[in-house]
Visitor: 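My questions will all concern the structure given below.
Worth saying up front: this structure is predicted, and the values here are computed from it rather than measured. The chain is numbered in sequence order, starting from 1. Numbering of ligands and ligand atoms starts at 1, following listing order.
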Amino acid sequence: MSAQYDQIGEKVADWDVLPVRSDVLEGHTFFNALGSVKGLDVLDLACGDGLYTRQLKARGANRVVGVDISEEMIRGAQRAEEAEPAGLEYHVADVADMAPLGRFDRVTAVYLLHYANSPEHMLRMCRNIHAHLKPGGSFVTYAFNPEFSARGPNSTRYGITMLDFPLEPRDGHPIRAVLHTKTPFTIHFSYWSRATHERVLREAGFHAFTWTRPECSPAGVRARGQAFWQDYLDNPHAVALRCER
Ligand SMILES: C[S@@+](CC[C@H](N)C(=O)[O-])C[C@H]1O[C@@H](n2cnc3c(N)ncnc32)[C@H](O)[C@@H]1O
């Protein structure tokens, strides 16, 4: 898996300007699901180049640690930290095998679980996430929407296109998606149903699952109008999921 994002490298530089990744949609939905992080210790998994890791700190989190399997992504995150030091700590690791980094109030992961290549791989990730949470802590993730439908509108004009998405996706089905950045790139991941996510997370010790479909913030509606967002909101490619330790 590391090779995938190691090769993508700098192509992610402008992915935060894609409508699908904007703070009025993705950020708005993710941070609403997360709630306040003021004074909390947060572990941000699959942190990539640190887009959300930096925002967690800016929102008042205490200790913030980012982890990603890709050395290239972590290099980008560290470059940003050197340019504007915020006290962020970064590590290269597969979440499934990561060594203990302490206990946190929140573990976050924007796009992680669909990179599991089997339910066993996802379980190893989720057990490690559980082990990094303080009692009463929460895991908040934003991940590929298990209910995305090939019959619904595709999300191309929002910046991402699902390629050959099956009509009846089954667990483990390989999925490809193109990100329409300045230099477009294709990502590869696996389909996992909602039931599989919940079964694996429950086995790892989590309970109280809350799935939230993306919402557009009032600022996003003012900027582009509800009609612009509606196709995406009718068939979003990602959803937020929160569960408790
Ligand atoms: C779509 S990117 C998201 C990055 C960041 N969270 C963001 O939203 O900008 C997915 C990231 O997951 C990382 N990743 C995939 N599998 C992983 C694993 N098993 N452990 C840690 N990171 C992983 C990839 O290297 C990549 O940086």
Side-chain angles (χ1 to χ4, degrees), residues 1-23 25-31 33-34 42-58 64-80 88 90-99 101 106-129 131-132 139-145 155 159-162 174-181 184-190 192 200 204 214 237-241:
M1 187 58 62
S2 59
Q4 180 172 176
Y5 275 87
D6 283 344
Q7 282 161 20
I8 289 166
E10 288 287 300
K11 291 175 193 153
V12 304
D14 59 333
W15 65 359
D16 53 339
V17 301
L18 299 175
V20 75
R21 300 224 61 205
S22 66
D23 54 2
L25 183 80
E26 184 180 276
H28 175 72
T29 307
F30 167 67
F31 283 114
L34 181 60
V42 185
L43 176 61
D44 185 32
L45 301 175
C47 67
D49 61 356
L51 175 67
Y52 285 102
T53 327
R54 291 187 289 279
Q55 292 185 35
L56 288 161
K57 190 68 180 179
V64 182
V65 180
V67 171
D68 199 282
I69 198 171
S70 161
E71 287 182 18
E72 188 56 33
M73 288 296 116
I74 291 295
R75 252 195 297 278
Q78 267 160 345
R79 269 198 302 274
L88 300 170
Y90 289 106
H91 300 271
V92 176
D94 180 339
V95 170
D97 306 322
M98 98 193 138
L101 293 167
R106 301 283 179 272
V107 174
T108 56
V110 178
Y111 302 116
L112 170 68
L113 296 180
H114 50 273
Y115 289 107
N117 49 37
S118 64
E120 294 69 34
H121 189 202
M122 195 192 287
L123 180 58
R124 279 172 37 227
M125 289 186 188
C126 294
R127 286 204 162 120
N128 220 351
I129 292 167
H132 277 83
F139 173 47
V140 181
T141 189
Y142 195 79
F144 183 72
N145 173 16
S155 13
I160 187 166
T161 305
M162 298 301 151
I175 308 288
R176 286 181 309 139
V178 179
L179 271 294
H180 299 288
T181 43
F185 62 92
T186 302
I187 51 171
H188 300 258
F189 53 93
S190 300
W192 303 110
V200 168
H237 90 292
V239 282
L241 168 61

Visitor: Does any N or O of ligand 1 fall below 3.5 Å from an N or O anywhere on Asp49, backbone included?
Guide: no
Visitor: Under 4.0 Å, heavy-atom basis, I'd like to know which part of Leu51 is in contact with ligand 1: side chain, backbone, both or neither.
Guide: side chain
Visitor: Can you list the ligand 1 atoms lying under 4.0 Å from a non-hydrogen atom of Met125?
Guide: 19 (N)
Visitor: Polar contacts were defined as any N/O atom of the residue lying under 3.5 Å from an N/O atom of the ligand; does this apply to Ile69 and ligand 1?
Guide: yes
Visitor: Hey, are His180 and Thr161 close enough side-chain-wise for a donor-acceptor pair under 3.5 Å?
Guide: yes
Visitor: Looking only at distances, please establish whether an N/O atom of ligand 1 is found under 3.5 Å from an N/O atom of Arg21.
Guide: yes
Visitor: Hey, is ligand 1 close enough to Leu112 that some N/O pair sits below 3.5 Å?
Guide: no
Visitor: Indicate, as side chain, backbone, both or neither, the part of Ala93 found under 4.0 angstrom from ligand 1 when only non-hydrogen atoms are considered.
Guide: backbone
Visitor: Relative to the heavy atoms of Val110, which atoms of ligand 1 are at a distance of less than 4.0 Å?
Guide: 3 (C), 5 (C), 6 (N), 8 (O)
Visitor: What about Tyr5: any of its N or O atoms under 3.5 Å from an N or O on ligand 1?
Guide: no
Visitor: Quick check on contacts: which atoms of ligand 1 are under 4.0 angstrom from a heavy atom of Tyr52?
Guide: 8 (O)
Visitor: What I want to check is whether the side chains of Glu26 and Tyr111 have a donor and an acceptor closer together than 3.5 Å.
Guide: yes
